[in-house]
Amino acid sequence: MSDQMELLVHGTSNLITELDSRVCPEDMEGSTPFLGDTVMYPSEEVGHGVQGLEVPLIPRPPVKPKPPRQSRLLRLHSLESMKVNRRAKVRSSQDSSSEAADTDSSCGSHYGDFSGSPLLGLKGRSAAASQKLLSRGSSSSSSSGSLRDCEISRSAGSTAEFWNSPPHLDYAPKEPAIDKLVPPGRRKLPPVAHAKLLPPIAVNIESSALRTSNRIDLDYVDYIQAAGKVQSNQQNHFLSPSQGTEDSQSSISMTSSSSVMVPILSEDLRSRSYMDTNLLAGGSLLGAGELYRYFPNKMMQVYIATWNTQGTKEFPDSLEDLLLPSDSQSIHDLYVIGTQEGIPDKREWEIRLQMILGPYFVLLCSASHGVLQLSVFIRRDLIWFCSEVEQAYVTTRIISQVKTKGAVGISFTFFGTSFLFITSHFTSGPGKVFERTLDYTKTIESLGLPRIIPNTNKYRSNPNDVTSRFDNVFWFGDFNFRLDVKRAVIDELLDSNSQDNLCSILHYDELTRKLQEGSVFKGFKEAEICFPPTYKFDVGCDVYDSSSKKRTPSYTDRIIYKNRHKDDILVVKYGSCSSIKTSDHRPVYCFYQVKIRPGKDNIPLCAGQFDRDIYIEGIKRRFPRNASQCSSLNQKNSTICSVS
């Protein structure tokens, strides 16, 4: 028992000695330790693994004062500001690439410096004692010490910030760095914003018909109205769908806002490459994009007419029934007119054609050989897509000075589709089928086209056949093939005036037989004939030849076609004009729809060239007619003053 008491006294004395050593000598002056003090330590500050140790009371570091009580509206505002600050920290952490995210396994690199800790700045024995206890705890338990050091360092840093920084009215808890908590694989970049505004969506007005068609104005004031519409469209810069699709199946050419040029950015010119042979290039003049603007369905309307004028010097009263027939609701894109035994004054004939077609068309090319004439008119807004025009002629007469029989051809390329137009006048007379066959053979072998324009498909071309070198060939004229039957039989069939009888008449037609045999015009087709024979009439009436010769009526004036690609040419209307009676022949016309393909920019273009003199003279002659029609609307001169 005495041993136990001695051991207790000895342990108590050692404890007192140890506690005395923790207290600074200057703090001992004027104060007696452990007089009424109660030793109370929080669990995070005592021992670090030391059990059963009684230590004196050390004052805790002061904490931040509570923020003043705020209203609910201010608290919501502070919460929103916290969210904004948090998002800003996330973006700044994602932008920084020099700092690793998961390289620190402990918080020592951030909080390992205790130089600014308030524990070192505490006065009195409590600071020294607490520092000594911390050092002893770290040596006894290393596994839990690191975590506790992190917690103490965080509290120390926040306390030092409180003591060193000025007081703040708004209290916001310090958030940990987001880039230290989110792994690199799960970080999300901020949304990418467009550098500039997106381009506006272009207004696309589609129509079942061609975009280049317009209604025919029978009052001859179409170009005046069109000029007013164009001016109003330029002021409004917008067309309603009903205005854009006017003319009952028309869309854009002369009277639509889509004709206004779209601004081109300089950046596009710097970045894009326009290749000469790129069919799909957006900037290619003959490419698919430009083709779609003018022909959404890639079909072009072509008008062909042929007429043997019999060399008359008298012009018909009006050519409107021929060029603008009543069964056509819209004008066409290409007008090709061929004449045999043509009017001597060729210039006057072309001016008459220009006057009827109006200002929408220009004379692309005109060729002649003796009394054979061929004229091609095209819409003036389509002339930029035409290649240079080439022409050639062939004489089939034995005596070459007599230029009444032969052929004239004109060829060019429109976008990527090549065209050949031939008008011919073969040997006349019944029963001369062999001579007419020779005329055909000489024409296809001697017509030297094309010369400069590249062949669109040279592998399918035949050097002995000019018609095989083009995609679409239209051959028309006075072929002089007759009906191989007596006049009485034809008169009997014509008197019934029925469609079945017209089909019966064609059984006697020499050209129909040759086309079926393939001995002439190989590969050519003809539309169904639904009109009576066009030769031979008495001039000025609808009576067939009443002279002593009593010639048999025949289908001498024909229009046939040939296409390289299947279904590229569609026949719309095949007929004759019975109102023009100044010749013993009736004019024949046909409407076609021709498929157009995009082309390459390596062909020589016509550069918008046309016969300007014919154009100006034709428009001048239209004006007096329009002026006479509008004369009734003019007011009389004032009785007060007059302007001369």
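Shortest non-hydrogen contact noted between L515 and V520 is CD2-O, 4.0 Å. In this structure, S418 and T456 approach most closely via the heavy-atom pair OG-OG1, 3.4 Å. In this structure, F414 and C386 approach most closely via the heavy-atom pair CD1-SG, 3.5 Å. Residues Y589 and C577 approach most closely at CE2-N, 4.1 Å, considering heavy atoms. When every heavy atom of A527 is checked against every heavy atom of V571, the shortest pair comes out as CB-CG1, 3.5 Å. Heavy-atom minimum distance, V473 versus F470: CG2-CB, 4.1 Å.
Listed by first and then second residue, the salt bridge (charged side-chain N to carboxylate O under 4.0 Å, His left out) pairs that reach into residues 501-527 are R436-E510, D484-R513, D509-R558, K514-E517, E526-R558, sequence neighbours excluded. Contacts classified as salt bridge (charged side-chain N to carboxylate O under 4.0 Å, His left out) and involving residues 441-456 (residues at least two apart or in different chains) are not found.
Y294 has its side chain within reach of L382: a pair of non-hydrogen atoms, C-beta onward, lies under 4.5 Å apart. Between I559 and V588, the closest side-chain pair of non-hydrogen atoms falls below 4.5 Å. Residues R487 and P553 have side chains in contact (heavy-atom distance under 4.5 Å, counting atoms from C-beta outward). A heavy-atom distance below 4.5 Å is not found between the side chains of P325 and K573. Counting heavy atoms from C-beta on, the side chains of I304 and Y592 come closer than 4.5 Å. Side-chain contact check for R597 versus H565: some heavy-atom pair is nearer than 4.5 Å.
Residues satisfying the ring pair (Phe, Tyr, Trp, His ring centres under 6.0 Å) test with F521, not counting sequence neighbours, are Y440, W475, F479, F524. A search for ring pair (Phe, Tyr, Trp, His ring centres under 6.0 Å) contacts involving F537 returns Y544, not counting sequence neighbours. Evaluation of the ring pair (Phe, Tyr, Trp, His ring centres under 6.0 Å) rule for Y508 yields no partner, not counting sequence neighbours. A search for ring pair (Phe, Tyr, Trp, His ring centres under 6.0 Å) contacts involving Y303 returns H332, Y335, F591, not counting sequence neighbours. For S583, the side-chain contact (heavy atoms from CB on, under 4.5 Å) partners are W307, Q310, H585, not counting sequence neighbours. Applying the side-chain contact (heavy atoms from CB on, under 4.5 Å) criterion to P604, with sequence neighbours excluded, gives E388, I452, I453, P454. Residues that satisfy the side-chain contact (heavy atoms from CB on, under 4.5 Å) test with D345, not counting sequence neighbours, are R347, E348. Remark: D471 engages R564 in a salt bridge (charged side-chain N to carboxylate O under 4.0 Å, His left out) (not counting sequence neighbours). Residues forming a salt bridge (charged side-chain N to carboxylate O under 4.0 Å, His left out) with R586 (at least two apart in sequence, or on another chain): D542. Taking the side-chain contact (heavy atoms from CB on, under 4.5 Å) definition, one finds that E617 meets it with I351, K620, R621, sequence neighbours left out.
With no hydrogens or angles considered, a side-chain donor-acceptor pair links T395 and H369 at under 3.5 Å. Side-chain polar atoms of S284 and E290 form no donor-acceptor pair below 3.5 angstrom. Under the 3.5 Å distance criterion, with hydrogens and angles disregarded, a donor-acceptor pair is assigned to the side chains of T534 and D557. T309 and Q340 share no donor-acceptor pair across their side chains, judged by distance under 3.5 Å alone. Side-chain atoms of N563 and N472 form no donor-acceptor pair, as typed in the model, at a separation below 3.5 Å.
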F476 and Y561: CA distance, side-chain angles, deciding distance, side chain to side chain contact (heavy atoms under 4.5 Å, CB included) verdict
CA-CA 8 Å; F476 45 94; Y561 63 93; over 6 Å; no
Step by step, would you call L285 with L605 a side chain to side chain contact (heavy atoms under 4.5 Å, CB included)?
CA-CA 10 Å; L285 179 62; L605 299 177; 3.4 Å; yes
Would you check, one step at a time, whether the test side chain to side chain contact (heavy atoms under 4.5 Å, CB included) holds for L291 with I596?
CA-CA 8 Å; L291 175 62; I596 304 298; 3.7 Å; yes
Before giving the answer on side chain to side chain contact (heavy atoms under 4.5 Å, CB included), spell out for K346 and S375 the whole-Å C-alpha distance, their side-chain angles and the decisive distance to 0.1 Å.
CA-CA 10 Å; K346 175 188 172 185; S375 304; 5.7 Å; no
Dump the intermediate steps for side chain to side chain donor-acceptor pair (under 3.5 Å) on R397 and T404, then the final yes or no.
CA-CA 8 Å; R397 283 279 190 179; T404 57; 3.3 Å; yes
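In this structure, the ring of Y535 has its center no less than 6.0 angstrom from the ring center of Y555. In this structure, Y574 has its ring center closer than 6.0 angstrom to the ring center of F531.
Put simply, the side chain of Q354 gets close to the backbone of F361: a donor and an acceptor are under 3.5 Å apart. At distances below 3.5 Å, not a single donor-acceptor pair connects side-chain atoms of S368 with backbone N or O atoms of S366. A donor-acceptor contact shorter than 3.5 Å is absent between the side chain of R380 and the backbone of G608. Proximity of a side-chain donor or acceptor of R482 to a complementary backbone N or O of T556 within less than 3.5 Å is not detected. In this structure, S576 contributes its side chain and S578 its backbone to no donor-acceptor pair below 3.5 Å. Side-chain N or O atoms of Q373 include one that pairs as donor or acceptor with a backbone N or O of I343 at under 3.5 Å. In this structure a side-chain-to-backbone donor-acceptor pair under 3.5 Å is missing from D333 to V302. A distance-only check finds no donor-acceptor pair linking the side chain of T396 to the backbone of D439 [under 3.5 Å]. No donor-acceptor pair closer than 3.5 Å links the side chain of S468 to the backbone N or O of S461.
Note that the OG atom of S326 and the CG atom of D321 stand 7.5 Å from one another [nearest 0.5 Å]. Note that the CG atom of L286 and the CG atom of D601 stand 4.5 Å from one another [nearest 0.5 Å]. We find the OG1-CZ distance between T417 and F412 to be 10.5 Å, quoted to the nearest 0.5 Å. One distance of note links NE2 of H507 with CG of L483; it measures 12.0 Å at 0.5 Å rounding. Expressed to the nearest 0.5 Å, how far NZ of K562 lies from CD1 of I422 amounts to 10.0 Å. Interatomic distance, D317 CG to K581 NZ, rounded to the nearest 0.5 Å: 11.5 Å.
Checked for salt-bridge contact, D584 and K536 meet the test: a charged N lies under 4.0 Å from a carboxylate O.
Summarising the local packing, NZ of K432 is surrounded by 12 or fewer heavy atoms from other residues, nucleotides or ligands at distances under 6.0 Å.
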